[in-house]
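Chain letters run A, B, ... following the sequence lines, proteins first and then strands; every chain starts at 1.
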There are 2 protein chains.
Amino acid sequence: MADPDPPLRADARRNRQRVLQAAREVFAESGFGAPLDEIAARAGVGAGTVYRHFATKEALFEAVATARVADLVASAQRLATRADPGAAFFDFLAQLGAEAEAKRDTSDAIAVPGALRDTMQDALSLLLSRARQAGAVRPEVTTADLISIIKGLLIAAHDDAEPGRPARLLTIVIAGLRTDRP
Amino acid sequence: MADPDPPLRADARRNRQRVLQAAREVFAESGFGAPLDEIAARAGVGAGTVYRHFATKEALFEAVATARVADLVASAQRLATRADPGAAFFDFLAQLGAEAEAKRDTSDAIAVPGALRDTMQDALSLLLSRARQAGAVRPEVTTADLISIIKGLLIAAHDDAEPGRPARLLTIVIAGLRTDRP
DNA sequence: GAGAATACGGAACGCACGCCCCGGTTGGCA
DNA sequence: TGCCAACCGGGGCGTGCGTTCCGTATTCTC
């Protein structure tokens, strides 16, 4: 069999990095809907070059999102070992909120289909079920509910640019998820 | 000056109603993003005919949304006279949730710019401030926050088709808006 | 019932975007 | 240094959509 992984030429390697960097920036600013030409332009490259390195726009986004989601998952798994499951769960939500405040594509990133999304769901599921067992979260909330809420929250947080809003919305959602204390 | 408002021909009047009805249905099913051709097809009419009656797709949506938003506003104003401001506020949210569960374009409808949106904001503002003064809602929530939350909620509720989710999400949001009871 | 005003329909246009192609260029190796 | 494969750029294609145009059909008026 032939060499399965011939090394890239120097300019190709360089352009690949430029495209990835530009994609990170543009997606973060404008979300997944940003035109691919803009990414190519910011990278100082033609659209064809982008497609040489990434088969599709979605594949490019995946490459960008993967690293970030992996970080989030790692953080979630670390938090899941904490002594206080309720605090761990809500801390993770806060972290997600902070990430979303800076980057417009977070809501798309956690929704990218694939193994990473499943891992993310598993991690969320674990945090949620531990918090639920500890009595910190109202019992009827499912993981799917949680993901919907998170997406809604991330979208709402970007509605307009008023500072402080993401934090307030997060407070409200956290309070809403908490067990009722009659 | 000439007659400023010549009466429509019979077929024109008929088609106008058909277009409006088709638009109501299609927008409710598929949201504002639905192609205009589909509305024309369902009305049994050419696309040109739609444009004879409504200058733009947005104008058509406005015509459809106006009636519904006006109903919501009227309901909000009626609720605002209730004895229990907290219940009035949360009842209105529930009504909005019910509307959104049936129609996919609710989140777009309440965002249509114009006098009606301002009226809607005023009505919401009144409900919210009365509920806040009664101590039923956490004090730091602004009207703009509320609108963002509603939009996020309406979008999230349609994320997938699982029944019961809209109601659960609404419960969570309502609980989150409620004053803390330490 | 005939003529004129009005309305109809759907083909055509413009635009934005994802994606592909190919003539020209560049980098690595002998 | 010279050659060739790898790579580049950006113009071009296909698609989906909002919008417009114009030849034809329908309605109103007398």
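- To the nearest angstrom, P of dA7(C) lies 14 Å from CZ of Phe54(B).
- The local environment of CD in Glu140(A) is crowded, with over 12 non-hydrogen atoms from other residues, nucleotides or ligands closer than 6.0 Å.
- Side-chain atoms of Leu60(B) and Tyr51(B), non-hydrogen and from C-beta on, never get closer than 4.5 Å to each other.
- Both cation-pi conditions hold for Lys57(A) and Phe32(A): the charged atom is under 6.0 angstrom from the six-membered ring centre and inside a 45 degree cone around its axis.
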- nucleotides 10-22 of chain C: protein proximity per nucleotide (B base, S sugar-phosphate only, - neither; heavy atom, under 4.0 Å): B------SSBBB-
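- For the pair Arg104(A) and Glu29(A), the salt-bridge criterion is not met [side-chain N within less than 4.0 Å of a carboxylate O].
- Side-chain atoms of Arg68(A) do not come within 3.5 Å of backbone N or O of Ala109(A) as any donor-acceptor pair.
- Here the side chain of Asp105(A) pairs no donor or acceptor atom with the backbone of Asp108(A) at under 3.5 angstrom.
- With a 6.0 Å cutoff to the six-membered ring centre and a 45° limit on the axis angle, Arg178(A) counts as a cation-pi contact of Phe90(A).
- Atom CD of Glu38(A) and atom P of dG10(D) are 16 Å apart (whole Å).
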Strictly under 3.5 Å: I want the nitrogen or oxygen pairs between protein and nucleotides 25-27 of chain D, one per line.
unit_1  : atom_1 : unit_2  : atom_2 : d
dT26(D) : O2     : Arg9(B) : NH1    : 2.9
dT26(D) : O2     : Arg9(B) : NH2    : 3.1
dT27(D) : O4'    : Arg9(B) : NE     : 3.4

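- Considering only side-chain N and O atoms, Asn15(A) lies under 4.0 angstrom from the phosphate OP1 or OP2 of dC8(D).
- Phosphate proximity of dC7(D) to His53(A): absent, as no side-chain N or O sits under 4.0 Å from OP1 or OP2.
- The minimum heavy-atom distance between Phe89(A) and Ala131(A), with the atom names listed, is CB-CB, 3.7 Å.
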